[in-house]
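The structure presented is a predicted model; accordingly, all values stated were derived computationally and were not measured.
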Amino acid sequence: MIDPTHWAKIILKNQNYVFDTSFISVVQTPWSKVWKIQTQSRGLIYLKQTCKAFSLEPKFIQFLSQKNLSTIPVVIAENPELHCFLMQDSGNPLRDLFQHEIQPDLLALG
């Protein structure tokens, strides 16, 4: 299986991102890993790999972005086989948003 950082480098190069080849590990838990990637002209990008059980996170982020929340990151690309995705920096970790801005009625069916 391909390494998620290798996949991310290919995707970023194909989308004309210019970046340092070093990916800085910023989170490592039993259920996810996150790397920070500094680009020259497009700011910070994050690569996140989750366990299979949480692999719906990029879809959830895309859903929330349609609700016009102010600090939702933009998902650049995802790889369902590797359970990883690339996203632009939004300024704050999603867990902070979930603690302060998410309204349950936004997530209701209907």
Less than 4.5 Å apart, any side-chain heavy atom of [X] and any of [Y]?
X   : Y   : result
C84 : W7  : yes
L47 : P4  : yes
Q88 : I45 : yes
N79 : F85 : no

Of all heavy-atom pairs between L12 and F19, which one has the smallest distance, and what is that distance? CB-CE2, 3.5 Å

H83 (side chain) donor-acceptor with P80 (main chain) under 3.5 angstrom: yes

Quick check: does any side chain N or O of Q49 sit under 3.5 Å from a backbone N or O of L82, one acting as donor and the other as acceptor? yes

Taking only residues two or more places apart in sequence, or in another chain, which ones meet T50 in a side-chain hydrogen bond (donor to acceptor under 3.5 Å, both in side chains)? none

Apply side-chain contact (heavy atoms from CB on, under 4.5 Å) to I37 and L86, showing your working. CA-CA 10 Å; I37 307 145; L86 288 162; 4.0 Å; yes

With a cut-off of 3.5 Å and sequence neighbours excluded, list every side-chain donor-acceptor pair involving residues 23-32.
unit_1: T29; atom_1: OG1; unit_2: W31; atom_2: N; d: 3.3
unit_1: T29; atom_1: OG1; unit_2: W31; atom_2: NE1; d: 3.3
unit_1: T29; atom_1: OG1; unit_2: S32; atom_2: N; d: 3.0
unit_1: T29; atom_1: OG1; unit_2: S32; atom_2: O; d: 3.2
unit_1: T29; atom_1: OG1; unit_2: S32; atom_2: OG; d: 3.3

Does the pair Q15 and I76 meet the rule for a side-chain contact (heavy atoms from CB on, under 4.5 Å), with working shown? CA-CA 9 Å; Q15 293 189 18; I76 299 167; 3.1 Å; yes

Pairs where residues 4-25 contributes a residue and the test salt bridge (Lys or Arg N to Asp or Glu O under 4.0 Å) is met, not counting sequence neighbours: none

Residue pairs involving residues 29-50 (criterion salt bridge (Lys or Arg N to Asp or Glu O under 4.0 Å); sequence neighbours excluded): K48-E57

